[in-house]
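To keep things clear, I will list the structure first and then write my remarks on it.
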There are 2 protein chains.
Amino acid sequence: MPSTPTRRAPFEKSARTRARILDAAAAVFSDLGYAGTRLTDIAEAAGVKQGSLYYHFSSKDELVAEMLRVGLQKTYDHVATAIEALGPDATAADRVTAAITAHAEAVIDQLDYTAANARIVGQLPDEIRRQHLRIDQRPYGKLWDTLFEEALKAGEIRDDVDLQTVRLLILGALNWTVEWPERAKRSPSHVAAVLSSLLFDGIGSSS
Amino acid sequence: MPSTPTRRAPFEKSARTRARILDAAAAVFSDLGYAGTRLTDIAEAAGVKQGSLYYHFSSKDELVAEMLRVGLQKTYDHVATAIEALGPDATAADRVTAAITAHAEAVIDQLDYTAANARIVGQLPDEIRRQHLRIDQRPYGKLWDTLFEEALKAGEIRDDVDLQTVRLLILGALNWTVEWPERAKRSPSHVAAVLSSLLFDGIGSSS
DNA sequence: GTCTATACATCGATAGAC
DNA sequence: GTCTATCGATGTATAGAC
């Protein structure tokens with residue numbers, strides 16, 4: 001008996017719903033914080049019912065962990081793409097500036113995921129935070145370290161500064177923009193321009 | 001019948017317990033976030049039972065609002081004191097540097113209150129956050145604006161930069177230190193030195 | 001795969017004894 | 001002023017129909 005040719009299964013329906021849930025989670029977590037977010041809120045934003053989330057994720061913690069992982073990947077891609085777009089003959093300083101601009105774009109108005117990452121790391125249950133910092137954030141930190149090392153090798157920045165601290169201060173300043181009061185908000189390119197100028201030249205009048 | 005002379009009522013017992021509760025709230029909110037903190041946690045840290053909190057505060061929201069207000073006042077005092085300690089003949093740039101150092105001290109290892117403020121503003125219910133930004137944070141922002149304006153008038157910084165954005169970037173970079181991974185932590189004075197040098201001189205090799 | 005319905009735990013808030 | 005006890009609301013997670 002010939003088997004009825006099974007119609008091409010819609011592999012992707014599940015994947016698409018899953019992606020919609022992650023998008024919704026990024027937006028809602030970013031707004032309400034980790035503990036403040038109810039699964040009902042995420043479900044509503046994703047257009048499904050709360051119980052249905054459990055088909056895709058086994059718990060709130062698994063959902064948040066996945067959202068953070070995916071989000072950091074998106075941020076990484078956005079920044080890496082911006083750097084590559086400069087072409088091979090850009091200066092190291094140009095590359096750092098491009099990275100700053102791209103991260104600012106991601107945090108400020110492009111990616112709920114990046115804002116969510118910035119906003120809820122401090123609120124996560126210990127185990128999830130540890131894993132996120134250890135596993136997910138490493139490559140992104142490495143990307144930035146490489147940028148600074150190249151600038152150093154190229155002689156474009158001074159060799160007497162603690163570059164790891166500089167990197168953390170720069171990314172912190174950008175991540176914190178999510179907390180700026182509405183009236184102080186500026187465009188990513190403006191913020192990036194101010195920060196880059198501050199980073200390389202300072203605002204002292206004598207320099 | 002002569003009334004037994006009532007012993008001097010211990011006015012201050014209530015005030016002391018209240019202060020202990022606020023201290024405990026700062027520590028716990030800073031650690032677990034706004035929604036993640038249970039009144040039981042605060043009570044335990046303060047050495048009282050959960051129900052007893054309601055003698056001093058009428059709700060969780062009133063408690064958190066008061067903790068934020070008191071905390072910002074402490075931060076303000078710490079920074080203002082550091083500036084005044086410089087004496088009248090310090091340069092405007094010295095005063096900015098002193099403020100950066102003092103804020104770093106407050107955030108990093110001195111005041112749970114400051115860390116709590118930095119960490120949970122983004123998680124507050126709308127009404128509380130609005131009031132905190134509008135009423136509590138204004139004087140502190142003004143203190144910083146004044147510092148930068150003085151530096152500008154004194155000709156110690158360039159006049160072509162958006163100083164409000166600079167101020168927000170600086171404070172953001174410092175506030176974000178609460179999220180730094182343990183291994184990256186540095187002393188307040190080191191962080192402040194790096195940030196001040198970056199702010200005034202930049203790290204470019206050509207300057 | 002998504003739904004409805006509900007079990008079960010947790011937490012903010014109140015009541016009332018001491 | 002602080003306690004114990006408890007109510008009521010809310011939220012995660014599970015069960016089972018479709």
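Protein chains get the first letters and strands the later ones, always in sequence-line order, with residue 1 at the start of each.
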May I ask you to decide whether [X] forms a salt bridge with [Y], counting only side-chain N to carboxylate O separations under 4.0 Å?
| X | Y | result |
| --- | --- | --- |
| Arg119(A) | Asp31(A) | no |
| Arg18(A) | Glu66(A) | yes |
| Glu182(B) | Lys185(B) | yes |
| Arg129(A) | Asp126(A) | yes |
| Arg130(B) | Glu127(B) | no |
| Arg38(A) | Asp41(A) | yes |

Just the rounded figure in Å: distance from [atom2] of [N] to [atom1] of [X].
| X | N | atom1 | atom2 | value |
| --- | --- | --- | --- | --- |
| Glu12(B) | dG1(D) | CD | C1' | 16 Å |
| Glu62(B) | dT14(C) | CD | P | 12 Å |
| His56(B) | dG1(D) | NE2 | C1' | 7 Å |
| Leu32(B) | dT10(C) | CG | C1' | 15 Å |
| Phe57(A) | dT2(C) | CZ | P | 12 Å |
| Lys49(A) | dT6(C) | NZ | C1' | 16 Å |
| Tyr55(A) | dG16(D) | OH | C1' | 16 Å |

Original post:
Closest to the Ser52(B) side chain: dT2(D), dT2(C), dG1(D)?
Top reply: dT2(D)

**OP:** Look at the side chain of Ser14(A) and decide which nucleotide, out of dG1(D), dC3(C), dG1(C), has an atom nearest to it.
**Re:** dG1(C)

Original post:
Looking at His103(A) versus Tyr76(A), is the centre-to-centre ring distance below 6.0 Å?
Top reply: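 No: the rings miss the under 6.0 Å criterion.
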
**OP:** State yes or no: are the ring centers of Tyr113(A) and His78(A) separated by less than 6.0 Å?
**Re:**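 Distance test on ring centres: not under 6.0 Å, no.
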
Subject >> Distance under 6.0 Å and angle within 45° of ring axis: Lys60(B) vs Tyr34(B) >> reply: yes

Can you tabulate the close N/O pairs, meaning under 3.5 Å, that link protein atoms to atoms of nucleotides 11-13 of chain C?
residue	atom	partner	partner atom	Å
dC11(C)	OP1	Arg38(B)	NE	3.2
dC11(C)	OP1	Arg38(B)	NH1	3.1
dC11(C)	OP2	Arg38(B)	NH1	3.0
dG12(C)	OP1	Thr37(B)	O	3.3
dG12(C)	OP1	Lys60(B)	NZ	3.3
dG12(C)	OP2	Leu39(B)	N	3.0
dG12(C)	N7	Gln50(B)	NE2	3.4
dA13(C)	OP2	Tyr54(B)	OH	2.7
dA13(C)	OP2	Lys60(B)	N	2.9
dA13(C)	O5'	Tyr54(B)	OH	3.3
dA13(C)	N7	Gln50(B)	NE2	3.2
dA13(C)	N6	Gln50(B)	OE1	3.3

Original post:
To 10°, what angle do the rotation axes through the five end pairs on each side of the helix from dG1(C)-dC18(D) to dC18(C)-dG1(D) form?
Top reply: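 Result, rounded to 10 degrees: 0°.
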
